[in-house]
Amino acid sequence: TSNDPGTSAQVKTNESGDANAAPGQKVVIGFSAPAADHGWIAAITNNAKAQAAAYSDVELKSVAAGNDAAAQRAAVATLISQKPTVIVMLPHDGKELDAAGLEAMKAGIPVINLDRAFPSRAAYRLQIKGDNFGMGLAAGAYIGEQLKSKGISNPIIGEIPGIDSLELTQERSQGFNTALATYGFKVANRRPAEFTADSGQAAATALLQALPKMDAVWNHDDDQGIGVLAAIKQANRSDFFMVGGAGSKAAIDLIKADSSVLKATVTYSPSMASSAVSLARLIGQGKGMNDLVELQVPKEITLSSETITKENADRYAALGF
Amino acid sequence: MTAEAVRARQRRWNLDDNAVRNLGLVGVLVVLVVIGVVTRPELYADPTWVRNNVLTILQQASAIGVVTVGMTFVIVGGGIDLSVGAIIALAGVWSTTLATQSYGALGMIFTALVVGLAVGVVNGVLISYGRLVPFIATLAMLVSARGLAAQISGKQTQVSTNDTINNLATTRPLGIPLLVWLLAVVVAAGWVLLNRTTFGRRTVAVGGNPEAARLAGINVKRHTLMLYALMGLCCGLAAIMLTSQATSAQAAMANLYELDAIAAAIIGGTLLSGGRGTIVGALFGVLVFSTITNLFAINNLSTEVQNMVKGGIIVAAVLIQQFRYRSLTQLLKR
Amino acid sequence: MTAEAVRARQRRWNLDDNAVRNLGLVGVLVVLVVIGVVTRPELYADPTWVRNNVLTILQQASAIGVVTVGMTFVIVGGGIDLSVGAIIALAGVWSTTLATQSYGALGMIFTALVVGLAVGVVNGVLISYGRLVPFIATLAMLVSARGLAAQISGKQTQVSTNDTINNLATTRPLGIPLLVWLLAVVVAAGWVLLNRTTFGRRTVAVGGNPEAARLAGINVKRHTLMLYALMGLCCGLAAIMLTSQATSAQAAMANLYELDAIAAAIIGGTLLSGGRGTIVGALFGVLVFSTITNLFAINNLSTEVQNMVKGGIIVAAVLIQQFRYRSLTQLLKR
Amino acid sequence: MSAGTESRRAGADTVLRLTDVVKTFPGVRALDGVQLAVRAGEVHCLLGQNGAGKSTLIKVLAGVHHADGGEISWLGDPFAPATPQAAMRAGIATIYQELDLVDDLSVAENAFLGHERSRFGFTRRRAIATSTREILARLGHPEIPPHRLVKALPAAGKQIVSMARALSHDARLIVMDEPSAVLAHDEVENLFRIIRDLTANGIAVIYISHRLAEIREIGDRVTVLKDGRTTAADLPARTTPTRELVGSMTGRSIEYLFPARPAEPAAGAPVADPVLVVQGLTRHGEFVDASLAVAPGEIVGIAGLVGSGRSELLETIFGARRPDAGTVTMDGHRITGVGSAVRRGMGMAPEERKSQALLLDEPVYKNMTLASFAGFAHGGFTAARDERAAALRTADLLELRPRDVDRPARTLSGGNQQKVVVGRWLLGGTRLLLLDEPTRGVDVGARAELYQVIRGLAEDGVAVLLVSSEVPEVLGLADRVLVMREGRLVHEAPADELDEDTVLDLVMAGSLLEGEPA
Ligand SMILES: Nc1ncnc2c1ncn2[C@@H]1O[C@H](COP(=O)(O)OP(=O)(O)OP(=O)(O)O)[C@@H](O)[C@H]1O
Ligand SMILES: Nc1ncnc2c1ncn2[C@@H]1O[C@H](COP(=O)(O)OP(=O)(O)OP(=O)(O)O)[C@@H](O)[C@H]1O
Ligand SMILES: [Mg+2]
Ligand SMILES: [Mg+2]
């Protein structure tokens with residue numbers, strides 16, 4: 001989150017000087033991600049572009065994918081007809097764009113499936129994604145630990161997810177509930193927002209009104225969290241602590257300052273886009289990952305969700321978006 | 001029966017026309033509150049909570065309420081504006097750029113109002129002088145304005161660092177949130193403007209029968225333009241209100257406000273085809289929606305159940321209101 | 001002037017009324033294609049690509065095209081339907097539950113059509129017999145149907161494992177995608193229904209002058225009900241088409257299809273207030289939108305620029321069409 | 001009582017009988033015990049003031065409204081049509097006072113709307129075109145093409161289509177609610193020919209009109225309504241003295257229809273400069289090279305057939321249409337649009353009250369002050385009380401019935417709506433009044449009042465330009481008469497130098513609907 005866009009891309013620079021970094025044969029990467037009016041997706045696109053720019057042998061053909069799955073299908077169709085070396089695709093919905101992935105693979109273009117998974121294993125060459133379930137688990141575990149250590153046995157826990165009809169939201173909530181269940185806790189009230197600050201404010205206001213006493217709340221997304229924090233301030237409440245999600249720079253700073261109810265955030269980093277572009281280049285050039293024995297890039301990579309707290313905030317400051 | 005008697009009855013009937021509709025909405029509100037009391041008695045047992053809850057409902061209704069007042073004018077004047085959410089987003093984003101924020105709170109407010117007004121004027125010009133159908137012109141504006149907002153914000157959520165702005169949402173003169181005062185002022189001004197001024201009279205005429213208005217010497221095009229400009233101004237104000245509430249603005253903010261505002265206006269008794277509408281009804285319409293949201297929250301309904309129930313409540317609200325309306329006028333008839 | 005002259009002029013003028021509008025849209029389409037050719041000559045140099053591109057545009061237009069045909073009927077009949085996207089989602093989700101999928105392709109198609117029809121009937125009953133304003137009734141349905149769809153799908157994207165359904169989107173009889181054939185059939189049927197049957201003529205009467213229709217002995221309520229039922233059926237069909245394209249369905253699918261369909265119908269020359277509309281125009285309206293999307297894709301515009309430009313193109317398209325329309329009729333008038 | 005004897009005498013003949021029929025609207029008893037007996041093959045005229053309940057009565061017959069009390073028997077059986085369709089099936093066809101056509105359907109489709117000929121749901125376009133052509137020929141208008149859209153027809157043409165629809169049913173009774181209001185002289189003759197045809201075949205006709213001359217020519221018997229009650233029945237249409245008819249309608253007698261013209265100004269007295277000067281005004285296809293002038297205190301009438309372009313000329317003078325050539329000046333100032341026209345003190349009462357003049361859902365007083373509310377207002381705030389008072393004065397002047405300016409305009413009868421439209425320009429400082437068919441649908445009593453008002457305005461120095469299809473009205477009211485034919489002003493003379501036949505000769509040299517070239 002920032003008022004001046006594009007200054008904070010997460011890029012792997014070539015300091016290590018390993019062999020893979022040496023310029024190789026030219027790779028054209030087709031890139032498609034949904035229309036971004038949300039900080040996280042904007043960061044995904046920015047990261048991909050910045051990472052591609054860091055390589056002299058990579059050309060990124062970015063295709064904006066419009067507002068829904070159908071638009072993205074159309075965009076990918078035109079992308080395929082232009083025959084890039086590799087396609088990196090963050091689909092609107094993995095299941096809905098499964099067919100598009102299959103089509104590209106059939107046309108001989110390796111597909112790197114970013115973040116939202118295609119169900120068919122034949123639809124991608126590499127899948128690199130965050131761990132939504134794990135994110136919920138991490139948030140739940142943190143909250144459970146904190147409450148347990150405070151000796152609260154019957155806590156009131158609130159949850160503010162993002163757009164509720166998305167599968168990723170469901171996975172996060174499931175992970176959250178699973179972790180809480182191990183402590184014998186459960187969510188008292190759940191008010192979804194829409195990944196925007198104003199909807200976050202509305203949802204949080206409603207939640208606070210419904211729970212005059214609360215011990216902890218998990219807000220799935222740091223961007224909408226700006227509104228959530230504002231609502232908490234407007235309601236003049238401080239009887240609980242809050243955990244965020246995704247790991248925005250503003251959230252990390254706030255955690256470090258320890259000046260608000262926000263005590264932690266669980267990551268879901270858009271840096272995966274940078275990694276995807278790096279690996280797309282390797283796949284295009286037929287190279288493997290140096291630290292692995294395998295000659296080729298593996299088929300699936302899942303980022304783990306980490307918990308950022310006051311203690312480790314410094315280390316993560318650079319990864320905030 | 002004597003002419004006098006007829007007239008007296010007639011006047012009574014007319015008086016009750018809108019009042020009865022509003023009464024129906026008050027009934028709906030009461031029913032919603034009663035459901036709340038019955039389902040969560042422990043919450044309603046606490047007077048502080050109740051007072052807070054009322055203020056929360058009002059505060060959450062404030063921005064959309066301001067938009068609905070503007071929308072009522074546009075619809076009464078025979079138009080429609082689908083771009084209100086987009087205008088709010090554009091005004092909000094524009095007024096929270098680093099450059100604008102450097103001018104301080106007044107600069108930000110000024111920017112939001114001017115951007116809203118300007119977009120409204122463009123809408124108005126397209127519709128009145130370009131002769132575009134309002135639906136199409138404002139739909140195009142919706143798409144364009146959101147695009148421009150995304151461009152300006154770099155698709156980032158822009159945080160407001162201006163304390164004056166951010167505090168608007170937390171200030172409570174006389175114990176009532178400033179935003180609620182603002183809503184009250186806008187509603188009162190809207191009521192006077194619609195019912196007691198020549199501007200309002202022209203609005204009704206232009207929406208009710210544009211040809212008749214034109215032949216009576218009213219400048220229909222200019223008036224239409226002014227209606228959309230007014231709408232834009234309301235959106236600019238709402239943008240400030242929302243920005244202060246969320247302490248930030250972004251291109252996707254105020255999503256689908258157009259539908260909410262139109263629905264609230266219509267439920268309040270405004271005729272979608274123009275020529276008739278009430279500001280008080282619009283306010284009640286907004287409050288019904290805001291109260292429904294509150295009711296769902298305190299009962300922790302899941303989104304999908306919420307949605308299913310919400311559709312039903314809307315239908316029921318209109319039916320109740322219609323039923324009351326019909327049966328009451330029936331009674332008055334005898 | 002002589003009566004003959006008047007009559008001859010009248011005939012010429014009438015003939016051109018809709019044709020001229022459609023001509024304007026064809027002009028807009030040509031301009032869009034020319035822009036494509038100019039900006040990406042290397043793509044247009046390849047005949048196979050061009051052929052494929054045309055088919056892609058048509059295929060992408062197929063589902064929304066079917067919805068727009070239904071929407072044209074509803075609007076011509078004096079109504080509006082905001083719930084089309086939600087109906088598609090509900091029908092799509094319902095027909096891809098594991099239980100439904102176990103009945104095979106026919107079971108799925110049947111389910112989608114019946115669900116669409118049923119929701120349409122509910123809309124129709126609320127509007128005609130419940131006397132709800134169409135805007136409110138279908139808005140409530142939008143909210144409820146999406147909620148129900150989320151409930152049924154458990155908010156998961158439901159994958160279709162039925163090859164017959166999935167292959168609908170890839171089959172190409174005579175080299176033309178099956179979905180395009182379907183669109184063609186629906187458009188042709190819609191044209192005949194609107195222009196050559198009592199149902200269609202009564203639709204014009206009900207929308208154009210409901211009082212006159214009632215006085216002429218038409219059962220306006222029943223007819224209105226049938227219009228929404230027809231709309232629902234179109235949505236059911238569109239749900240199948242979209243499901244086969246995405247090989248899956250989910251509660252959020254066909255998002256904002258209502259706005260697209262209404263916009264396409266209006267741009268095609270259908271009067272939002274009812275009583276006039278053309279099926280061919282609606283088709284052109286859909287094609288304009290689909291071509292714009294394609295143009296953006298091949299030029300790789302970013303979404304925000306796309307949106308900004310799109311609004312402008314919509315306005316320009318309507319202005320061009322209006323300009324041609326006016327100046328041509330002006331010419332014919334002399 | 002007399003209705004009772006009558007029916008006993010010719011009971012077998014009586015097809016329709018209404019006894020004590022009552023119909024109430026919110027706040028109004030529109031029908032308050034109506035008696036009516038109609039025989040087969042007769043033309044039964046309904047007379048009554050504006051708002052007497054005539055239209056309501058026929059809507060009850062047509063199944064549009066449902067009676068709250070009383071009995072109706074049709075062909076000897078009790079009858080209470082639930083829907084318009086039921087009435088039509090029973091053999092009652094209706095031509096309504098307000099046009100009931102669908103603009104975007106063709107002539108043939110309108111004629112057969114609701115009972116389309118179809119095969120498996122497909123309209124038989126050729127069949128209905130053929131039938132429509134036959135009916136139109138029977139109506140004397142073979143030149144109206146069945147496939148033309150109704151919106152492209154002039155008002156008179158639409159009336160013909162309404163009649164065609166009534167004739168397309170196999171009716172035993174045809175009800176006509178002021179069918180002649182939008183017809184010109186020759187068209188009325190044609191209408192009468194058709195009515196005679198119908199009655200010769202044993203079909204009964206209920207005929208409503210405010211023109212006594214027509215009733216005398218075509219009617220057999222007259223029933224008079226007043227305030228929703230039958231006040232006289234079974235009057236012979238041809239022989240009942242006018243005094244008696246008007247008396248039972250209004251409860252008083254009308255001595256002079258037209259007010260006397262003021263004495264001629266002494267010869268040589270300075271003639272006032274004209275307020276309005278129109279020069280060479282042209283709109284292609286509507287009217288050509290129209291030049292005229294109107295002086296303060298002068299009433300200038302324009303006579304002509306329906307479709308001769310008078311309305312268009314008036315609207316163009318008012319600035320509501322843009323001229324292709326020519327100028328309009330008021331007091332030497334160019335008029336470029338409605339705004340400037342109204343500012344200079346011009347007012348126009350347009351021809352189509354519903355579509356061009358009224359806010360149907362707004363109260364009467366707001367309709368009356370639509371052009372003048374800004375003048376009543378103080379600093380942008382409206383003065384509703386002053387407006388209501390002024391509107392009430394006008395309502396009294398024009399005998400508005402009911403005399404209630406707070407009810408929505410929609411609930412007024414047609415004639416009373418017309419009074420509201422004219423009344424609008426009696427408020428405020430109008431200096432030039434353009435009147436397009438100001439008495440369409442207005443009853444005899446109110447008409448006399450209206451003439452008085454117009455004359456009174458002229459005496460106060462207001463200039464009046466009057467368009468009317470009723471030649472006696474133009475001759476009786478105007479000081480000077482212009483005759484318009486096919487878009488051209490063909491003759492000009494002081495009113496007292498013209499008589500009805502002369503004007504008709506001038507006007508009839510060619511009629512648009514007849515299709516003969518001039
Ligand atoms: N829909 C309605 N609601 C309320 N009052 C009505 C309605 N329709 C008619 N009225 C009232 O009923 C009375 C009779 O009206 P009606 O139209 O039958 O008069 P009419 O005899 O046809 O007059 P005119 O000669 O002016 O056409 C009037 O007082 C009128 O205001
Ligand atoms: N909707 C229309 N479309 C095309 N031409 C029309 C239309 N209405 C009228 N006209 C033409 O305009 C001319 C004048 O029509 P209109 O009947 O209004 O004349 P008028 O003299 O004002 O008659 P009235 O006695 O009804 O006032 C005629 O040539 C007619 O054919
Ligand atoms: Mg009448
Ligand atoms: Mg005329």
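In what follows, chains are A, B, ... by sequence order, proteins preceding strands, each numbered from 1. Fair warning: this is a prediction, and the values are worked out from it, not measured in the lab. In what follows, every heavy atom counts, from backbone to side chain, and hydrogens, waters and symmetry copies are set aside.
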(Q) Can you tell me which of B:S144, B:G312, B:S302 forms the most heavy-atom pairs within a distance under 4.5 Å of chain C? (A)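 With the most close heavy-atom pairs to chain C, the winner is B:S144.
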
Q: With a 4.5 Å cut-off on heavy-atom pairs, point out which of B:A137, B:A140, B:A149 contacts chain C the most.
A: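 Heavy-atom pair counts peak at B:A140.
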
Q) If you look at every heavy atom in B:V84 and B:D81, which pair is closest and at what distance? A)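 That closest heavy-atom pairing would be N-OD1, 3.7 Å.
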
Q.
Walk me through whether C:Y228 and C:V119 qualify under side chain to side chain contact (heavy atoms under 4.5 Å, CB included).
A. CA-CA 9 Å; C:Y228 287 93; C:V119 179; over 6 Å; no

Could you have a look at [options] and say which one has the most heavy-atom pairs with chain B under 4.5 angstrom?
{"options": "C:L139, C:L132, C:V305", "value": "C:L132"}
{"options": "C:L256, C:L142, C:L259", "value": "C:L259"}
{"options": "C:A263, C:A145, C:S273, C:A251", "value": "C:A263"}
{"options": "C:L148, C:V309, C:L272", "value": "C:L148"}
{"options": "C:R146, C:M141, C:Q151", "value": "C:Q151"}

Q. Does C:E304 reach the main-chain N or O of B:A150 with its side chain, forming a donor-acceptor pair under 3.5 Å?
A.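 Pair absent, no side-chain N/O of C:E304 close to backbone of B:A150.
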
Q. Among B:V122, B:N123, B:L90, B:I88, whose side-chain contact (heavy atoms from CB on, under 4.5 Å) with B:S83 holds?
A.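 Single pass found, and it is B:N123.
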
Q | Validation row: C:V315, C:L319 side chains within 4.5 angstrom (heavy atoms) | A |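 Yes, at least one pair of side-chain atoms sits under 4.5 Å.
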
Q) How about C:I262 and C:L82: do any of their side-chain heavy atoms sit closer than 4.5 Å? A)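 They are in contact (side-chain heavy atoms under 4.5 Å apart), so the answer is yes.
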
